[in-house]
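Single-structure report; data block below.
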Amino acid sequence: MNKPAKSRLPDGAKARRVYLSLRDQIADGRLADGVTLPAEQKLTEIFGVSRVTIRRALDALAEAGLVTRRAGSGTTVSTSGQPNRPMAMNLATLMPQLVEMGRNTTARLLSFSYDTAPEFVARALQIESGEQVQVAIRVRSADGTPFSHLTTYVPAEIASNYSENDLATTPLFKLLELSGVQIRDAHQSVSASLAGPEVADALGIAVGSALLSLRRVVRDVDGNGVEYLSGLYRPDMFQLEMPLTRVGDGGARHWQPAIGKSSEDTP
């Protein structure tokens, strides 16, 4: 797989809106590889902007390697050098998939240090304010293309069982287990964020690009917090899924997570 070129958002709010709209349609398959986009004049009518704005957006898409522009032939979606279908994580079977992800992807360690736990981390892990934690920043890649920027906080007492070199070469879940931690469960929340300069540079994307923001607290069998994760994911390469099943009777009938099932198992 070829590594996609680092994209740059076009100048102007309107051009960025057009760029992000078309980029998202390409990423989720609504605009498939080989499809010719409407002519510039038609796009001006669709988005209600000037032709100059459309050209700025299309130039940025071309720079990102998402389209090919040829005089007389129009603009064609070209995703052959882009990642394949986004990596999917099933929220109903989260823990086994996290272990599997560690095996099938690679991580690059950007920083490793010990520091006082930020207040929001101390609250989430239910540790004393001011307690020391090991802080690591990593970028995880699939087939050589970075898709997530991960910041983890682990209580120093646990982290003392592994080194910086260990974390650079071994998934954190594995290191926690080797440290004697028996993981029971995790609580995860998902929202959206925008890429700042450092994250954008690490992921090879434009500053201001939309990202999936994930917060996860992992606990052991005694209910102690053993890891706090703050993750930022490229939505064109990573998605979260939740299979649902219809349960109940009459007016009480409702959707319920289908725990332990994949999306393919759910009717």
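Throughout, numbering of the chain's residues begins at 1 and tracks the sequence.
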Donor-acceptor pair, distance only, cut-off 3.5 Å: does the side chain of Asn161 make one with the backbone of Ile158? yes

Would Arg17 and Val49 satisfy side-chain contact (heavy atoms from CB on, under 4.5 Å), going step by step from the backbone distance to the final call? CA-CA 10 Å; Arg17 175 171 61 84; Val49 296; 3.4 Å; yes

Can you label the angle between the Phe147 ring and the Tyr233 ring as parallel, tilted or perpendicular, going by 30° and 60°? tilted

What do the steps show when you test Val52 against Arg55 for side-chain contact (heavy atoms from CB on, under 4.5 Å), and what is the final call? CA-CA 5 Å; Val52 170; Arg55 286 176 177 170; 5.6 Å; no

Straight-line distance of [X] [atom1] to [Y] [atom2], nearest 0.5 Å:
X: Leu109; Y: Asp166; atom1: CG; atom2: CG; value: 11.0 Å
X: Ile183; Y: Glu227; atom1: CD1; atom2: CD; value: 7.5 Å
X: Thr152; Y: Gln134; atom1: OG1; atom2: CD; value: 6.0 Å
X: Tyr19; Y: Glu63; atom1: OH; atom2: CD; value: 8.0 Å
X: Leu66; Y: Asp33; atom1: CG; atom2: CG; value: 10.5 Å
X: Ile54; Y: Thr44; atom1: CD1; atom2: OG1; value: 6.5 Å

Tell me, do [X] and [Y] make a side-chain contact under 4.5 Å, heavy atoms counted?
X: Leu22; Y: Leu58; answer: yes
X: Leu203; Y: Leu211; answer: yes
X: Val154; Y: Leu176; answer: yes
X: Thr75; Y: Glu40; answer: no
X: Val67; Y: Ser78; answer: no
X: Leu172; Y: Arg138; answer: yes
X: Leu178; Y: Tyr162; answer: no
X: Val218; Y: Leu229; answer: no

Test side chain to side chain contact (heavy atoms under 4.5 Å, CB included) applied to Leu110 - qualifying residues, sequence neighbours left out: Arg108, Ile137, Val139, His149, Ala202

Evaluate whether atom [atom1] of [X] has more than 12 neighbouring non-hydrogen atoms of other residues, nucleotides or ligands under 6.0 angstrom away.
X: Glu157; atom1: CD; value: no
X: Arg70; atom1: CZ; value: no
X: Gln182; atom1: CD; value: no

For side-chain contact (heavy atoms from CB on, under 4.5 Å), just list the numbers for Val226 and Arg219, CA-CA rounded to whole Å, side-chain angles, deciding distance to a tenth of an Å, and then say yes or no. CA-CA 5 Å; Val226 297; Arg219 300 194 179 282; 5.8 Å; no

Step by step, work out the side-chain contact (heavy atoms from CB on, under 4.5 Å) result for Val18 and Leu43. CA-CA 9 Å; Val18 174; Leu43 289 173; over 6 Å; no

